[in-house]
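Reviewing the structure listed below.
Hydrogens, waters and symmetry mates are skipped; everything else that's a heavy atom, side chains included, is used. First listed ligand is number 1; within each ligand, the first listed atom is number 1.
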Amino acid sequence: MEQSDRPVIVKLSPNVTDIRVMARAVEKAGADGISLINTLTGMAIDIEIRLPRLGNISGGLSGPAIRPVALHMVYQVVKTVNIPVIGIGGIMDYQDALEFLIAGAKAVQVGTANFVNPRANLDIIEGLRTFCQEQGMSGIDEIIGTVRSR
Ligand SMILES: Cc1cc2nc3c(=O)[nH]c(=O)nc-3n(C[C@H](O)[C@H](O)[C@H](O)COP(=O)(O)O)c2cc1C
């Protein structure tokens, strides 16, 4: 990307009708990579006082609840663009990380899991290493984008 001498990774919001349109636009604009997804807009109401629980009324939903949405969007974007994709959204353990990698993400980001387990990233790395060994793989590259078609 000419505006920067460093790699530019653009993060996508899931709060759109068709994530592929956004992915195509940032690739065309020169992004070096795409990361997704950011949080989904959500809301909660305290039923006793009938007030939105969040000061801003709505807020960003993260964690396991968003994982299927995130995985599907990552899967769609991987098939749409030629730049690397980083998978994000509700990854709590190495099995979750594997889903994103198998869907075609070249890497993953772990957010909310760190609030539950400060060792989450270390556990995920260890889990991936053990999985690769047990599967007789030399590295995680062997599993990236290997999702089969039905
Ligand atoms: C407390 C918190 C703060 C966040 N701050 C940012 C931020 O500053 N910029 C950003 O792009 N995403 C931010 N996010 C979104 C995360 O990077 C991530 O896209 C999202 O939470 C989904 O991943 P997760 O389920 O692993 O948390 C934040 C998420 C949380 C929970």
Side-chain angles (χ1 to χ4, degrees), residues 1-47 49 51-132 135 139-147:
M1 184 177 259
E2 64 195 34
Q3 284 84 355
S4 171
D5 54 10
R6 293 177 183 274
V8 175
I9 301 170
V10 179
K11 186 169 181 185
L12 299 185
S13 166
N15 302 306
V16 295
T17 304
D18 188 344
I19 198 77
R20 294 168 298 185
V21 174
M22 302 299 154
R24 276 189 212 105
V26 299
E27 182 179 49
K28 196 171 167 206
D32 298 291
I34 294 177
S35 68
L36 75 154
I37 63 172
N38 210 320
T39 51
L40 280 151
T41 305
M43 175 181 181
I45 291 176
D46 183 326
I47 57 171
I49 55 175
L51 265 180
R53 285 188 186 272
L54 298 175
N56 202 30
I57 299 177
S58 65
L61 177 67
S62 66
I66 72 168
R67 191 171 59 249
V69 178
L71 186 64
H72 182 233
M73 289 188 171
V74 166
Y75 177 73
Q76 283 183 300
V77 169
V78 164
K79 291 202 295 184
T80 301
V81 298
N82 293 309
I83 50 179
V85 172
I86 301 170
I88 316 170
I91 297 174
M92 305 303 284
D93 53 33
Y94 81 90
Q95 292 96 331
D96 297 340
L98 276 170
E99 282 196 86
F100 283 83
L101 295 167
I102 291 168
K106 295 266 193 249
V108 294
Q109 179 197 304
V110 178
T112 300
N114 293 289
F115 292 99
V116 183
N117 169 20
R119 283 187 51 89
N121 283 291
L122 298 174
D123 291 348
I124 289 169
I125 292 167
E126 193 53 40
L128 291 175
R129 187 177 288 130
T130 305
F131 179 85
C132 286
Q135 297 282 319
I140 203 70
D141 282 355
E142 286 186 38
I143 205 150
I144 291 172
T146 56
V147 62

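- Within ligand 1, the atoms closer than 4.0 Å to a non-hydrogen atom of G89 are 22 (C), 23 (O), 25 (O), numbered from 1 in the order shown.
- Per-atom contact check: atom 19 (O) of ligand 1 touches the protein, criterion being a heavy-atom distance below 4.0 Å.
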Would you mind writing out the side-chain donor-acceptor pairs for residues 84-99 within the sub-3.5 Å range, not counting sequence neighbours?
| residue | atom | partner | partner atom | Å |
| --- | --- | --- | --- | --- |
| D93 | OD1 | Q95 | N | 3.3 |
| D93 | OD1 | D96 | N | 2.9 |
| D96 | OD1 | R67 | NE | 3.4 |
| D96 | OD2 | R67 | NH1 | 3.1 |
| D96 | OD2 | M92 | N | 2.9 |
| D96 | OD2 | D93 | N | 3.4 |

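- Among all non-hydrogen protein atoms, the one lying nearest atom 28 (C) of ligand 1 is T39 CG2, 5.0 Å.
- Taking atom 15 (C) of ligand 1 as the reference point, the nearest protein heavy-atom neighbour is N38 OD1, 3.4 Å.
- Atom 10 (C) of ligand 1 lies below 4.0 Å from at least one non-hydrogen atom of the protein.
- For Q109, the closest heavy-atom approach to ligand 1 falls below 4.0 Å.
- Assignment of I37 to the shell around ligand 1 is supported, since a heavy atom sits closer than 4.0 Å.
- Residues I140 and C132 share a closest heavy-atom pair of CD1-SG, 3.7 Å.
- Here is the list of ligand 1 atoms found below 4.0 Å of a heavy atom in I66: 22 (C).
- In terms of polar-atom proximity, I88 is not counted as a contact of ligand 1, lacking any N or O under 3.5 Å from an N or O of the ligand.
- The single protein non-hydrogen atom nearest to atom 21 (O) of ligand 1 is S62 CB, 3.2 Å, given as residue, atom name and distance.
- Here the shortest heavy-atom pairing between R20 and T80 reads CG-OG1, 3.3 Å.
- For ligand 1, the polar-atom distance check against G90 finds a nitrogen or oxygen pair separated by under 3.5 Å.
- In this structure a side-chain-to-backbone donor-acceptor pair under 3.5 Å is present from N114 to G111.
- Atom 27 (O) of ligand 1 has T112 OG1, 2.5 Å as its closest protein atom, hydrogens excluded (heavy atom only).
- At a distance under 4.0 Å, a protein heavy atom can be found next to atom 25 (O) of ligand 1.
- The minimum heavy-atom distance between P52 and I57, with the atom names listed, is CB-CA, 4.0 Å.
- When every heavy atom of S62 is checked against every heavy atom of T112, the shortest pair comes out as OG-OG1, 2.7 Å.
- For the atom pair CD1 (I37) and CD1 (I66), the distance works out to 4.0 Å, reported to the nearest 0.5 Å.
- Closest to atom 1 (C) of ligand 1, if we only count protein heavy atoms, is F115 CZ, 3.9 Å.
- Shown in contact with K11 at under 4.0 Å from a heavy atom are these atoms of ligand 1, numbered in order with element: 10 (C), 11 (O), 12 (N), 13 (C), 15 (C), 16 (C), 17 (O), 18 (C), 19 (O).
- Other residues, nucleotides and ligands place no more than 12 heavy atoms under 6.0 Å from the CD1 atom of I47.
- Annotation for ligand 1: atoms under 4.0 Å from non-hydrogen atoms of G63 are 25 (O).
- Atoms CG and CE, on L36 and M73 in that order, are 8.0 Å from each other to the nearest 0.5 Å.
- Looking at R67 against ligand 1, nothing comes within 4.0 Å, counting heavy atoms.
- Using a cut-off of 4.0 Å between Lys/Arg side-chain N and Asp/Glu carboxylate O, E126 and R129 are scored as salt-bridged.
- Heavy-atom minimum distance, I9 versus S35: CG2-N, 3.9 Å.
- At least one protein heavy atom sits closer than 4.0 Å to atom 31 (C) of ligand 1.
- The atoms of ligand 1 that sit less than 4.0 Å from any heavy atom of G111 are 26 (O), 27 (O).
- Shown here is K11, whose NZ atom has more than 12 heavy atoms of other residues, nucleotides or ligands within 6.0 Å.
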